[in-house]
Amino acid sequence: EAQVTQNPRYLITVTGKKLTVTCSQNMNHEYMSWYRQDPGLGLRQIYYSMNVEVTDKGDVPEGYKVSRKEKRNFPLILESPSPNQTSLYFCASSARDSPTGELFFGEGSRLTVL
Amino acid sequence: SQQGEEDPQALSIQEGENATMNCSYKTSINNLQWYRQNSGRGLVHLILIRSNEREKHSGRLRVTLDTSKKSSSLLITASRAADTASYFCAPLRAGRRALTFGSGTRLQVQP
């Protein structure tokens with residue numbers, strides 16, 4: 001089954017404790033992206049990747065890192081999480097090297113930073 | 001920001017009625033996509049309309065695009081309780097590589 005898988009789905013952590021949210025897709029997509037969703041603010045793009053070893057900042061990259069060492073994986077790293085990073089995070093992928101086509105989303109990772 | 005702005009923010013209708021949601025954007029676009037999100041779940045692509053298209057249909061969905069007014073609408077006909085969800089438009093500006101999303105329209109279909 002074609003899917004984008006995120007882990008963990010739920011996480012409660014404390015300020016400053018490094019964490020990684022993994023994202024994996026099995027559709028051989030070139031394009032992958034991370035979004036955060038906050039009430040009243042919609043979805044905002046954090047980082048995206050056009051292909052392996054190619055990443056770019058989105059609209060709200062501060063406090064986040066990403067890597068794209070393999071085509072299928074695009075982990076989101078929070079080196080020193082802060083409470084303002086409490087949010088619902090989504091990973092998405094697309095079949096082409098630019099998202100002119102359909103984006104496939106994961107089920108989301110709800111992160112709480114205390 | 002080139003994100004679309006959906007209107008209304010919330011809409012409540014009875015089952016069987018039609019639901020219309022609108023989207024406005026600010027810049028020239030390559031295409032515009034509509035997505036659906038069930039509460040707390042990932043977004044699901046519904047339909048894409050290109051800048052040179054004016055109307056597109058998919059099942060009970062009808063999307064229109066007016067590039068002169070920089071607006072789009074999504075019509076869901078004969079709505080069902082299962083259509084209850086948030087709906088987002090995502091305009092893609094020519095030359096840009098990323099979709100951006102607004103806050104969506106929350107649709108409640110009463111059985």
Side-chain angles (χ1 to χ4, degrees), chain A residues 2-7 9-10 21 23 25 27 29-51 54-61 66 87-112, chain B residues 1-10 21-53 56 58 61 63 65 85-106:
Chain A
Q3 58 186 4
V4 178
T5 304
Q6 298 179 224
N7 279 296
R9 293 288 313 281
Y10 302 91
V21 186
C23 174
Q25 50 90 6
M27 295 168 279
H29 286 171
E30 291 83 10
Y31 179 90
M32 297 184 74
S33 180
W34 276 102
Y35 291 85
R36 61 177 289 175
Q37 185 176 30
D38 302 287
L41 295 176
L43 280 89
R44 294 177 293 168
Q45 191 179 48
I46 303 170
Y47 270 95
Y48 64 95
S49 169
M50 305 292 285
N51 214 324
V54 180
T55 62
D56 277 300
K57 295 178 181 179
D59 296 320
V60 288
V66 293
S87 188
L88 179 58
Y89 290 87
F90 289 101
C91 181
S93 70
S94 177
R96 305 172 191 179
D97 62 2
S98 64
T100 56
E102 175 181 351
L103 268 179
F104 290 81
F105 280 81
E107 286 296 299
S109 296
R110 187 169 292 281
L111 171 65
T112 300
Chain B
S1 171
Q2 63 149 354
Q3 71 185 36
E5 293 184 8
E6 296 89 352
D7 175 70
Q9 289 187 333
M21 288 157 270
N22 302 298
C23 170
S24 60
Y25 57 91
K26 294 177 180 170
T27 62
S28 297
I29 60 170
N30 198 11
N31 68 54
L32 186 143
Q33 303 179 34
W34 284 90
Y35 287 78
R36 164 195 168 125
Q37 182 184 32
N38 286 46
S39 181
R41 306 290 297 275
L43 281 72
V44 176
H45 181 267
L46 293 176
I47 194 165
L48 179 155
I49 186 164
R50 301 192 186 280
S51 59
N52 60 354
E53 297 176 314
K56 202 162 182 180
S58 177
L61 304 180
V63 170
L65 179 64
S86 291
Y87 292 82
F88 296 83
C89 72
L92 179 67
R93 192 169 73 188
R96 282 290 299 263
R97 294 177 171 179
L99 283 174
T100 54
F101 297 82
S103 299
T105 292
R106 293 185 306 280

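This structure is a prediction, so every number in the text was calculated from the model and none was measured. Reminder, nothing fancy here: chain letters follow the sequence lines and each chain counts from 1.
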Are A:Tyr35 and B:Leu99 close enough that some pair of their side-chain heavy atoms sits under 4.5 Å apart?
-> yes

Are more than 12 heavy atoms from other residues, nucleotides or ligands located less than 6.0 Å from atom CD of B:Glu53?
-> yes

Given side chains that start at C-beta, do those of A:Leu43 and B:Tyr35 come closer than 4.5 Å, heavy atoms only?
-> no

Chain A heavy atoms under 4.5 Å from B:Gln37: which part of the residue, side chain, backbone, both or neither?
-> side chain

Side chain, backbone, both or neither: which part of A:Gln37 has a heavy atom under 4.5 Å from chain B?
-> side chain

More than 12 heavy atoms of other groups within 6.0 Å of B:Arg41 CZ | no

Taken to the nearest 0.5 Å, the spacing of B:Leu43 CG from A:Glu107 CD works out to 10.5 Å

Residues that A:Tyr47 engages under side chain to side chain donor-acceptor pair (under 3.5 Å), provided they are two or more places apart = none

How far apart are the closest heavy atoms of A:Gly42 and B:Ser103, and which atoms are they?
-> N-OG, 3.5 Å

